[in-house]
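To start, the structure under review is shown below, and the notes come after it.
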Amino acid sequence: MAAPGTEAELCNTEQLAQLNIRELSLEHLLRILHGMNRTQASWSAPDVRRRELGAFLRKCRSRIRPEEVGIPVQERRKNSGLRREEVAVISNVSLSWYAWLEQGKPINVSARVLDAIGSALRMNDCERLHLYYLAGVGPPSPVPESAIPDAARLIRAVAGWGASPAFVLDRYWNVVSANRQAKEVFGVEEADYNCLISFFTRSDVRRRYLQEEVLARGLVAELRGQMGRTPGDPEYASLVGRLSSESHDFAGLWDLHEVSDAVLERVVFDHPVLGDLVFDPAPLGTADGAGHRLILYTPAAASDTGDRISWMESRETV
């Protein structure tokens, strides 16, 4: 498959870092984000992509028991998941061809065959999209509907933006710009601050999130989905390598090969002064996470989080 072309970015990271996001209109900021995210995914590392594809397929078939797909088991198995030949039969492809696919052989694959394999391995929509990217085939739809924030959440997010935490992340989860509330509530910084490294390597940060296990699993699955769109990207490889070496939790979750585009609908954060703060996060930018994103944390409607943040700000202005 030929590598897609790329276009010049309309705004770079340094320019965005110099902007005060509180002083920009939402329309203006979204235009900036759109320009920064126009660069297409690069397929310059087919070997890496094929290795990831093989590992992903093996993990998917290992989680399905033969009985779940109507295959009777009359002997004791070393592994409980499906065998290669069983996936090949269910998918209606040859065993040799499927084996080559898992082994990372340079073979061409059609959308029809990928759909058959995805169905055989009971992949959800996000996993199917990941399968298409790793196989180097154009996905059936550019953005899964579930990845687009619903209008009501965005409208409420915009209305509460002025007094709510907000920050911009680049594609590698580095904080590019953050407003005062984000710095004071979450402790994020604009210089050398990576959200994933902070969460997985600093216990003082992670324990503040009351759904830390669910959040950890979701973050790793989201990162794997993003990395699948640009296989071979050295920055992603460096990030995953560092996280795997410094966090046993991350390494274990990474080995699951889970993929997700879901964003937690609610985040509860234990602030050392304000207590439990409840937010509804809303990401803006490219829905597939391929570039820069603006993350808005709006106080949950049924909570007093907004009042607590306002109280904190009033004390600072006295």
Item to check | Partners passing side-chain hydrogen bond (donor to acceptor under 3.5 Å, both in side chains) against Arg242 (at least two apart in sequence or in another chain) | outcome: Glu246
Next on the checklist: Suppose we screen for side-chain hydrogen bond (donor to acceptor under 3.5 Å, both in side chains). Which residues come up paired with Asp192, at least two apart in sequence or across chains?
Outcome noted: none
Rounded to the nearest 0.5 Å, what's the gap from [atom1] on [X] to [atom2] on [Y]? Could you check?
{"X": "Leu121", "Y": "Ser91", "atom1": "CG", "atom2": "OG", "value": "6.0 Å"}
{"X": "Ser96", "Y": "Ile107", "atom1": "OG", "atom2": "CD1", "value": "10.0 Å"}
{"X": "Arg63", "Y": "Leu256", "atom1": "CZ", "atom2": "CG", "value": "10.5 Å"}

Validation row: [X], [Y] side chains within 4.5 angstrom (heavy atoms):
{"X": "Val113", "Y": "Trp97", "value": "yes"}
{"X": "Leu239", "Y": "Ile197", "value": "yes"}
{"X": "Thr298", "Y": "Pro165", "value": "no"}
{"X": "Arg122", "Y": "Glu68", "value": "yes"}
{"X": "Val259", "Y": "Met123", "value": "no"}
{"X": "Leu296", "Y": "Phe167", "value": "no"}
{"X": "Leu131", "Y": "Val137", "value": "no"}
{"X": "Asp307", "Y": "Trp311", "value": "no"}

Next on the checklist: Under the criterion side-chain contact (heavy atoms from CB on, under 4.5 Å), I'd like the reasoning laid out for Arg229 against Leu129: C-alpha separation, chi angles, the key distance, then a yes or no.
Outcome noted: CA-CA 10 Å; Arg229 290 161 170 78; Leu129 187 64; 3.4 Å; yes
Shortest non-hydrogen contact from [X] toward [Y]:
{"X": "Ala135", "Y": "Leu114", "value": "CB-CD1, 3.7 Å"}
{"X": "Leu223", "Y": "Leu243", "value": "CD2-CD1, 4.4 Å"}
{"X": "Ser164", "Y": "Tyr297", "value": "CB-O, 3.1 Å"}
{"X": "Lys59", "Y": "Ser62", "value": "O-OG, 2.7 Å"}
{"X": "Leu264", "Y": "Pro281", "value": "O-CG, 3.0 Å"}
{"X": "Ile64", "Y": "Ala120", "value": "CD1-O, 3.9 Å"}

Item to check | Qualifying residues under ring pair (Phe, Tyr, Trp, His ring centres under 6.0 Å), relative to Phe56, sequence neighbours excluded | outcome: His130
Any link between [X] and [Y] through a network of hydrophobic side chains (Ile, Leu, Val, Met, Phe, Trp, Tyr) touching at under 4.5 Å?
{"X": "Val87", "Y": "Val89", "answer": "no"}
{"X": "Val278", "Y": "Met312", "answer": "no"}
{"X": "Val109", "Y": "Tyr132", "answer": "yes"}

Next on the checklist: Would you say Tyr236 and Thr230 are linked by a side-chain donor-acceptor pair, where the criterion is simply a distance under 3.5 Å?
Outcome noted: no
Checklist entry - So, Tyr172 versus Asp233: side-chain donor-acceptor pair below 3.5 Å or not? => result yes
Checklist outcome for this item: The residue among Thr201, Asn174, Asp170 that forms side-chain hydrogen bond (donor to acceptor under 3.5 Å, both in side chains) with Asn194 is Asn174
For residues 209-220, dump all side-chain donor-acceptor pairs below 3.5 Å to protein atoms at least two apart in sequence or in another chain.
residue : atom : partner : partner atom : Å
Gln211  : OE1  : Val268  : N            : 3.1
Gln211  : NE2  : Arg266  : O            : 2.7
Glu212  : OE1  : Arg206  : NE           : 3.1
Arg217  : NE   : Glu258  : OE1          : 2.7
Arg217  : NE   : Glu258  : OE2          : 3.1
Arg217  : NH2  : Glu258  : OE2          : 2.4

For the pair [X] (side chain) and [Y] (backbone), establish whether a donor and an acceptor sit closer than 3.5 Å, ignoring hydrogens and angles.
{"X": "Glu86", "Y": "Arg83", "value": "yes"}
{"X": "Asp276", "Y": "Asp270", "value": "no"}
{"X": "Ser238", "Y": "Pro234", "value": "no"}
{"X": "Glu127", "Y": "Asn124", "value": "yes"}
{"X": "Arg308", "Y": "Leu274", "value": "yes"}
{"X": "Ser177", "Y": "Val168", "value": "no"}
{"X": "Ser303", "Y": "Ala300", "value": "yes"}

Next on the checklist: Tell me every residue that passes salt bridge (charged side-chain N to carboxylate O under 4.0 Å, His left out) with Arg58, counting only those two or more places apart in sequence or in another chain.
Outcome noted: none
Next on the checklist: Tell me whether Arg50 forms a cation-pi arrangement with Trp100, defined as NZ or CZ under 6.0 Å from the six-membered ring centre and within 45 degrees of its axis.
Outcome noted: no
Item to check | Arg84: partners by side chain to side chain contact (heavy atoms under 4.5 Å, CB included), with sequence neighbours left out | outcome: Arg61, Leu95, Tyr98, Ala99, Glu102, Gln103
Next on the checklist: Does atom CH2 (Trp254) have a neighbourhood of more than 12 heavy atoms from anything else shown, all under 6.0 Å?
Outcome noted: yes
Checklist entry - Are more than 12 heavy atoms from other residues, nucleotides or ligands located less than 6.0 Å from atom CG of Asn92? => result no
Next on the checklist: For Val240 and Met227: C-alpha separation, side-chain torsions, deciding distance, then whether side-chain contact (heavy atoms from CB on, under 4.5 Å) applies.
Outcome noted: CA-CA 10 Å; Val240 171; Met227 191 171 176; 3.7 Å; yes
Checklist entry - Given Phe186 and Phe279, is the ring-ring contact (aromatic ring centres under 6.0 Å, His included) satisfied, shown in steps? => result CA-CA 12 Å; Phe186 295 115; Phe279 296 100; 5.5 Å; yes
Item to check | Basic-acidic side-chain contact under 4.0 Å: Glu52, Arg224 | outcome: yes
